[in-house]
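Remarks on the structure that follows.
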Amino acid sequence: MKVLVVGGAGYIGSHCVRQLQAAGHEPVVLDNLVFGHRSAVAEDVPFYDCDLGDPEVVGKILKEEQIELVMHFAAFAYVGESVTEPRKYYENNFVATLRLLETMIDNGVKKFVFSSTCATYGEPESLPIVETLRQSPINPYGQTKLDVENCLKAFAHAYGLSFAAFRYFNAAGAAEDGTIGEDHNPETHLIPLVIDAATGKRENIKIFGTDYDTPDGTCLRDYVHVDDLSRAHIAVFDKLAEPGAGYFYNLGTGTPNSVREIINAVEAVTGLKVPVVEDERRAGDPPALFADSSKAQQELGWEIKYKDVKDIIATAWRWHQSHPKGYED
Ligand code: UFG
């Protein structure tokens, strides 16, 4: 399958490009490199440095490359910033995605795989989170993702778009061979920050809140390996053959890990001591988020290869050791 990977130079997108190649598909990358890294994508993959919201340019790529399916990973994903600068999030995550979908429909490309998030659930009504729970985001980031989900349903009904929206839990880890990995600027995610604290690149790791109603008082999250996420995107292809079909899947391992457990796991994997400072709660952090992803496992045959968070951290550590400064571009 010829696949346009929008945001293919970003963290999850670049891992998916590699998985597509490994599975014998032909990825083409579109990325404006605002957050992506050119060197995260192999030289033999066609690469377009442009905006996803430009119908003329994107239309031309769809036609010339004979694209059959579009995967969309390009979004702003800083929850706190989405609260202080919501227009940026509505513009990039919703309006530009709408333009992309319109361009696809206008060019007869009607298969779409979308990166959604467990942030669409807000404070979940029950745990583990199943797809049928009420979605009630508590920040503009989650809201823009939910808005796209709703747009997809309407486009499937009206225009025969077939789609899958994957609600990711906490993407983590790096390619097994250490060649590509996580490099955000600024970095806000727990695992890379704890690794930086272990190596002395940061002074310490601040635990945001130690008085939550959880077993050790710190927040519980569901860390899922980026290559496991990527494989689900390919496993769904067969289901998108039917025009107008739409699917929503949670992607997480189902195992909650606390902030303290992550710190301990990083110490165990690296053999280094992590300096810890206990800090105030971070606004907008739900105490616990973890997935029931049995739907993806049953319907897609999705297999979770990295079940133990230490195995996920080991891949992040390998990437860190081979790229201590991240990507050089
Ligand atoms: N944390 C700390 N100290 C830090 C950084 C994080 O204690 O320095 C804690 C957070 O409070 C949270 C946990 O570690 O309890 C994980 O935090 P991350 O920022 O790594 O991830 P989040 O769960 O907040 O958010 C992630 C993505 C979001 C996405 C969300 C749900 O960053 O983009 O998952 O999909 F919205």
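Just so you know, ligand 1 is whichever comes first in the structure, and atom 1 is the first atom listed for that ligand.
Inter-residue side-chain proximity for L20 and I234 is flagged as met; some heavy-atom pair is nearer than 4.5 Å.
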Item checked: Pair Q143-D147, side-chain hydrogen bond (donor to acceptor under 3.5 Å, both in side chains): steps then yes or no -> CA-CA 6 Å; Q143 186 62 52; D147 290 343; 2.9 Å; yes
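A cation-pi contact, defined as under 6.0 Å to the ring centre and within 45° of the axis, is absent between R221 and F169.
Using a cutoff of 4.0 Å between basic side-chain nitrogens and carboxylate oxygens, E267 and K273 are scored as salt-bridged. Under a 4.0 Å N-O distance rule, the pair E303/R231 does not qualify as a salt bridge.
A distance limit of 4.0 angstrom between heavy atoms and ligand 1 selects the residues A77, V79, T117, C118, A119, Y141, Y168, N170, T188, H189, L190, L193, I205, K206, I207, F208, C219, R221, Y223, V259, R282, D285.
Test Y78, Y11, F76, Y327 against H184 for ring pair (Phe, Tyr, Trp, His ring centres under 6.0 Å) and you get one pass: Y11.
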